[in-house]
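Sending over a structure as structure tokens; questions will come in a sec.
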Amino acid sequence: MSGTDLMAALAAASTDRVLFDLDGIRATYRNLTDELPGVEVKFAMKACPVDEVIAGLAARGAGVDAASPGEIAQALSAGVAVSDVHFGNTVKSDQDIVAAYRLGVRDFATDSLEDVTAIARHAPGSRVFCRLATDGAGALWPLSRKCGCSVPDAVRVLDRARQLGLKPSGLSVHIGSQQMSTTAWRAAFDRLADAIVALRGRGIALDHVNLGGGLPALTYLDRRGEPLRPPLSGIFEAIRSGIGHLRGVSPVPLRFLVEPGRHLVADHGAIRAHVARLTSRQLLDGGQERWLYLSCGKFNGLYETDQLRYRLVFPASPAADFVPAMIAGPTCDSDDAFGGDGGPVRVPRDLRSGDPVWIMACGAYSISYMTRGFNGFGPLPYEIVQAHDREQAPCPA
Ligand SMILES: *Cc1c(COP(=O)(O)O)cnc(C)c1O
């Protein structure tokens, strides 16, 4: 069991680092391709821009959803074929398009006449897929207004693409990150069907539909510290039935792809941090409050504490007397703390500075959201855990 390897690697780590269980990531990938047979996977690499993870998934057949020339270059150097990389960001400057085209990318996301006109100019003849807006309802992080357009606008954009010599190739959606609702998937499929019908009326036949990200991680705790329990099998069921529906609506055969980020990596990463200090202070209202300050927080691995709490393990205090404490990172920023409405977390009373703390389920958006050194706390190094070579030294950050 790969989870055991991750715990063993946490126990063996004597300094702070992020650990990624590559076998666990591959097992989740295999489960995904079993649940959605025939659906192509493009890993949204911003969730874990780590060469070994990108290469490990590419070796199993995954491509990459990249959002900038920097991500494209990293994917290529990790060994992903350029034909398996698309530029999935609707936000790009002329220079970004030029750079992506020079690197060999020929598949671009778009959602506006301005952007599609720039693609036609700087990446002539390329394939473009138009992102439809969604409302993000049901997701922990809705991504509703910044990207994507209405169905009538998508028809205008893809029609313009055709006039400008591009190949209008597809439609995409992103229903919000850590989407907890199956209804959101059904609504997205309905909108995709409307768009396919409207495009058919204009004589535009697409060759693929990109279902984006949003598939959930399974082991998160919410802001009150309760397990989130996403309805994963219902989500897969909604996706399979939506795909069947779209196949019936489309005038030509369609390919389907998904762009999971979080789902593939979140449950298979953990941080080995340490206790900075457990303190107790009297506050202005006269109340006494304990705070546990960790070596790691919002600016070096735990950015998503706005919506999540992480499960903490205290291996040096196996049979402790527990006391309630607020949890915070090491910086002077007051946002660098577990947010939410669940109040304090129970921690061992006898914690001492330097004791190890294991922070679970932070394989997604940990490496990518690290600052360069807010208050001098630098990004953490990472280590890849595999069943057969567990003794590797940490890689440089
Ligand atoms: C961030 C992103 C993803 C991945 O989202 P998750 O919720 O982590 O799966 C996929 N596609 C696009 C276009 C994105 O911006």
Side-chain angles (χ1 to χ4, degrees), residues 10 13-18 139-142 177-178 180 217 219-229 266 269-380 397:
L10 281 163
S14 57
T15 55
D16 289 2
R17 68 194 68 180
V18 191
L140 256 66
W141 293 273
S177 201
Q178 187 73 17
M180 298 293 291
T219 61
Y220 282 160
L221 305 181
D222 68 14
R223 288 153 50 97
R224 292 173 306 131
E226 303 293 333
L228 268 169
R229 300 190 205 292
I271 292 179
R272 189 281 185 194
H274 66 270
V275 171
R277 187 99 31 219
L278 177 62
T279 69
S280 176
R281 288 170 297 130
Q282 188 177 45
L283 303 184
L284 284 178
D285 62 8
Q288 196 77 17
E289 208 164 66
R290 273 204 187 75
W291 280 68
L292 172 60
Y293 303 105
L294 302 175
S295 59
C296 158
K298 197 174 193 73
F299 303 104
N300 56 354
L302 306 181
Y303 182 76
E304 294 192 315
T305 50
D306 57 334
Q307 295 295 337
L308 297 179
R309 287 190 164 194
Y310 295 93
R311 187 160 75 83
L312 304 177
V313 179
F314 302 98
S317 310
D321 179 17
F322 282 86
V323 290
M326 307 300 287
I327 309 291
T331 67
C332 306
D333 191 308
S334 57
D335 270 349
D336 184 14
F338 279 22
D341 16 39
V345 173
R346 294 166 57 73
V347 308
R349 183 193 291 277
D350 62 356
L351 283 178
R352 287 184 313 188
S353 185
D355 281 356
V357 181
W358 302 344
I359 305 166
M360 308 310 292
C362 40
Y365 302 108
S366 46
I367 287 281
S368 44
Y369 273 135
M370 286 191 198
T371 63
R372 252 177 116 118
F374 188 95
N375 276 160
F377 296 97
L380 296 178

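Side-chain atoms are counted along with the backbone in the values below, which use heavy atoms only and exclude waters and symmetry mates.
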Look at atom CZ of Arg281 and say whether more than 12 heavy atoms of other residues, nucleotides or ligands are closer to it than 6.0 Å.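 Count over threshold, so yes.
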For residues 296-336, the ring pair (Phe, Tyr, Trp, His ring centres under 6.0 Å) pairs (sequence neighbours left out) are Phe299-Phe374, Tyr303-Tyr369
message = Show every side chain to side chain donor-acceptor pair (under 3.5 Å) that has at least one partner inside residues 315-332, sequence neighbours left out.
response =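 Every side chain to side chain donor-acceptor pair (under 3.5 Å) pair that includes a residue of residues 315-332, provided the two are not neighbours, is Ser317-Asp350, Asp321-Arg349, Thr331-Asp336.
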Original post:
Is Ile327 close to Val347 at the side-chain level, that is, under 4.5 Å between some pair of heavy atoms?
Top reply: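 Val347 vs Ile327: side chains touch.
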Test your reading of the model: is there a side-chain donor-acceptor pair from Ser353 to the backbone of Ala276, 3.5 Å cut-off?
yes
Within the structure provided, determine whether Arg309 and Val345 are in side-chain contact (heavy-atom separation under 4.5 Å). yes
### Query
Any side-chain heavy atom of Lys298 within less than 4.5 Å of one from Asp335?
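Heavy-atom side-chain distance check passes, below 4.5 Å.
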Closest non-hydrogen atoms of Met370 and Val18, given as atom of the first, atom of the second and distance, are CE-CG2, 3.6 Å
Practice task
Would you check, one step at a time, whether the test side chain to side chain contact (heavy atoms under 4.5 Å, CB included) holds for Asn300 with Thr371?
Solution key: CA-CA 6 Å; Asn300 56 354; Thr371 63; 5.8 Å; no
Less than 4.5 Å apart, any side-chain heavy atom of Arg272 and any of His274?
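Contact flag for Arg272/His274 side chains = yes.
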Note to self: Does any part of the side chain of Asp222, heavy atoms only, come nearer than 4.5 Å to the side chain of Leu140, both counted from C-beta?
What the structure shows: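 They are not in contact (no side-chain heavy atoms under 4.5 Å apart), so the answer is no.
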Is it the case that more than 12 heavy atoms not belonging to Arg311 sit under 6.0 Å from its CZ atom?
no
- Query: Is there side-chain contact between Ile271 and Asp16, with at least one heavy-atom pair below 4.5 Å?
  - Reply: no
key: Pairwise side-chain contact, Leu308 with Leu228, heavy-atom cut-off 4.5 Å (strictly under)   = yes
Would you check if the side chain of Gln178 reaches a backbone N or O of Ala217 as a donor-acceptor pair within less than 3.5 Å? yes
